[in-house]
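In the text below, chain A, chain B and the rest are named by the order of the sequence lines, each starting its count at 1.
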Amino acid sequence: MSIPLGKVITYGQLASLAGLPGAARLAGSVLCGLPENTELPWHRVINAQGKISLPADSAAYKKQIQRLKAEGVHIKNGKISLRIYGYNN
DNA sequence: GACATGACCGCAC
DNA sequence: AGTGCGGCCATGT
């Protein structure tokens, strides 16, 4: 488990924690290449805007929100509230 | 092996 | 507040 349950992290933070500061795109590229049956919490990864980067009309987008809500992360108008891992509680 | 693209981020105007 | 530009690594052709 890379990300604490009930919390989310931005691509930049994820890349930084991975030891690749500034390589936010890398996180996106990797997550994009993840299989559907992946057990990685990719749904807990959001962009710096505190929102999901995937297209709102995409199934993955809805699924991500659905899972986040199931994790206890309530989304407001498509924006995450608890956002950021290791930051403002 | 090289080029182009990608679920991005931060700063400057 | 919104728009534009440069930079990072991995993946696919």
Side-chain angles (χ1 to χ4, degrees):
Chain A
M1 200 66 93
S2 307
I3 306 168
L5 189 113
K7 283 189 177 172
V8 292
I9 179 175
T10 67
Y11 296 96
Q13 283 289 304
L14 180 62
S16 298
L17 296 175
L20 304 168
R25 276 189 112 169
L26 162 64
S29 297
V30 175
L31 293 179
C32 185
L34 289 174
E36 341 176 316
N37 54 343
T38 186
E39 47 184 277
L40 298 177
W42 60 270
H43 51 269
R44 287 182 204 159
V45 187
I46 59 175
N47 59 15
Q49 297 176 3
K51 307 192 309 192
I52 300 174
S53 309
L54 291 148
D57 55 304
S58 184
Y61 172 83
K62 301 170 188 174
K63 275 188 169 184
Q64 181 160 10
I65 295 176
Q66 184 83 43
R67 283 181 168 179
L68 286 173
K69 293 197 319 185
E71 296 296 315
V73 182
H74 78 118
I75 292 131
K76 181 75 169 185
N77 192 17
K79 295 141 204 136
I80 314 288
S81 304
L82 316 172
R83 63 168 174 181
I84 312 304
Y85 156 61
Y87 261 63
N88 134 43
N89 55 270

### Message
Once side chain to side chain contact (heavy atoms under 4.5 Å, CB included) is applied, do any residues pair with Gln49(A), and if so which ones, sequence neighbours excluded?
### Response
Asn47(A), Lys51(A)

### Any Ser53(A) side-chain heavy atom under 4.5 Å of Tyr61(A) side chain
no

### Query
In residues 67-78 of chain A, which residues come under 4.0 Å of DNA chain B by heavy atom?
none

### Query
Ignoring hydrogens and geometry, is there a side-chain-to-backbone donor-acceptor pair from Arg83(A) to Gly50(A) under 3.5 Å?
no

#### Entry: Passing option when Ile3(A) is tested against His43(A), Arg44(A), Gln13(A) for side-chain contact (heavy atoms from CB on, under 4.5 Å)
Arg44(A)

### Message
Tell me if the NZ atom of Lys63(A) is crowded by more than 12 foreign heavy atoms within 6.0 Å.
### Response
no

### Query
Who pairs with Lys69(A) by side chain to side chain contact (heavy atoms under 4.5 Å, CB included), at least two apart in sequence or on another chain?
Ile65(A), Ile75(A)

### Message
Suppose we screen for side chain to side chain contact (heavy atoms under 4.5 Å, CB included). Which residues come up paired with Ala60(A), at least two apart in sequence or across chains?
### Response
Trp42(A), Leu54(A), Ser58(A)

For residues 25-36 of chain A, tabulate all N or O donor-acceptor pairs below 3.5 Å that involve a side-chain atom, not counting sequence neighbours.
{"from": "Ser29(A)", "atom 1": "OG", "to": "Arg25(A)", "atom 2": "O", "distance (Å)": "3.0"}

### Task
Of all the heavy-atom pairs spanning Ser81(A) and Lys76(A), show the shortest one and how long it is.
OG-CB, 4.3 Å

### Start and end of chain A contact along DNA chain C [non-hydrogen atoms, under 4.0 Å]
dG7(C) to dA10(C)

Short heteroatom pairs, N/O only, protein and nucleotides 3-13 of chain B, under 3.5 Å:
{"from": "dG6(B)", "atom 1": "N7", "to": "Arg25(A)", "atom 2": "NH2", "distance (Å)": "3.0"}
{"from": "dG6(B)", "atom 1": "N2", "to": "Ser29(A)", "atom 2": "OG", "distance (Å)": "2.1"}
{"from": "dG6(B)", "atom 1": "N3", "to": "Ser29(A)", "atom 2": "OG", "distance (Å)": "2.4"}
{"from": "dA7(B)", "atom 1": "N7", "to": "Gly28(A)", "atom 2": "O", "distance (Å)": "3.3"}
{"from": "dA7(B)", "atom 1": "N7", "to": "Leu31(A)", "atom 2": "O", "distance (Å)": "3.4"}
{"from": "dA7(B)", "atom 1": "N7", "to": "Cys32(A)", "atom 2": "N", "distance (Å)": "2.5"}
{"from": "dA7(B)", "atom 1": "N6", "to": "Leu31(A)", "atom 2": "O", "distance (Å)": "2.8"}
{"from": "dA7(B)", "atom 1": "N3", "to": "Tyr11(A)", "atom 2": "OH", "distance (Å)": "3.3"}
{"from": "dC8(B)", "atom 1": "N4", "to": "Arg25(A)", "atom 2": "NE", "distance (Å)": "3.4"}
{"from": "dC8(B)", "atom 1": "N4", "to": "Arg25(A)", "atom 2": "NH1", "distance (Å)": "3.3"}
{"from": "dC9(B)", "atom 1": "OP1", "to": "Ala48(A)", "atom 2": "N", "distance (Å)": "2.3"}
{"from": "dC9(B)", "atom 1": "OP2", "to": "Ala48(A)", "atom 2": "N", "distance (Å)": "3.1"}

### Task
Please identify each residue that fulfils side chain to side chain donor-acceptor pair (under 3.5 Å) with Gln64(A), with sequence neighbours left out.
none

